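All values reported here derive from a predicted model rather than from experimental measurement. Read the numbers this way: they start at 1 and go in the same order the structure lists the ligands and their atoms.
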Amino acid sequence: METRVKNESVTPKPAVILLSGGLDSATAAAIARHDGVELYALSVDYGQRHRFELEAAARVAKHLGVKRHETVRLDLARFGASALTADIEVPKGRSVAEMAGGIPVTYVPARNTVLLSLALAYAETVGAADIFIGVNAIDYSGYPDCRPEYIEAFERLANLATKAGVEGTLKFKIHTPLIKMTKADIVRRGTELGVDFSLTHSCYDPDAVGRPCGRCDACLLRRKGFAEAGLADPLPYPNDEPLGGTP
Ligand SMILES: [Zn+2]
């Protein structure tokens, strides 16, 4: 990858990583670190229904030894309209076919554009041309802002929209190392790179102490990924929740 720094005496290039606290962004961060960049992590407190993923993001940032971790508060719950930010029921027990059938209620309007815009502002500030985001278009194609054509469009925007882009001091690149990986591939790659997945949080609807429900789309895809990778998910799921959703 072009961001790799071959000579260790060279000062590593800064890169911004969007860190949600989930397993995808933790793995994307580990891949970026493996490429030799210095990580500037960004998490966004956008009014999520629970605090556990932001706590996970802080744990993951520490675990990965990031240079700096910023959490920006931006209250998208003011708009509502998503099961992640409003009082809308999170779907449970869906099959993968059902998940792939349309844009789910857990879609947060324009979220990745909001997140990438903040990452771009952070990147321009710290002089980072490289922005990493753990989007994935394979296992869960329902989100329009996880597709390669969207990422390419945002990259063009980044270079048109900034002083550093227009003056040519930075050529922004949006890195999506997971975009073509299955969840099992992500689990395997993260494990190879030493990611401690017990620090991550994926569930859309955890219990009062942050334990995952085991049955929302995020839990089911995560559990399926670990199962297909032949690895144990370190998170504590309720014992009576079968994997695989409703038939
Ligand atoms: Zn869940």
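- Protein N/O/S atoms closer than 2.8 Å to the Zn ion (ligand 1), listed by chain and residue number, are Cys203 SG, Cys213 SG, Cys216 SG, Cys219 SG.
- Placement of Val114 and Tyr40 within a single hydrophobic cluster is found when ILVMFWY residues are connected by side-chain heavy-atom separations under 4.5 Å, directly or transitively.
- Residue pairs meeting the salt bridge (Lys or Arg N to Asp or Glu O under 4.0 Å) criterion with at least one partner in residues 55-69, sequence neighbours excluded, are Arg68-Glu70.
- Partner Cys219 forms a side-chain contact (heavy atoms from CB on, under 4.5 Å) with one of Pro238, Pro206, Cys213, Ser202 and no other, that one being Cys213.
- For Glu124, the salt bridge (charged side-chain N to carboxylate O under 4.0 Å, His left out) test picks out no residue, with sequence neighbours left out.
- Of the charged side-chain nitrogens involved, at least one lies within less than 4.0 Å of a carboxylate oxygen, so that Arg51 and Asp45 count as a salt-bridged pair.
- Under the side-chain hydrogen bond (donor to acceptor under 3.5 Å, both in side chains) criterion, Tyr122 pairs with no residue at all, not counting sequence neighbours.
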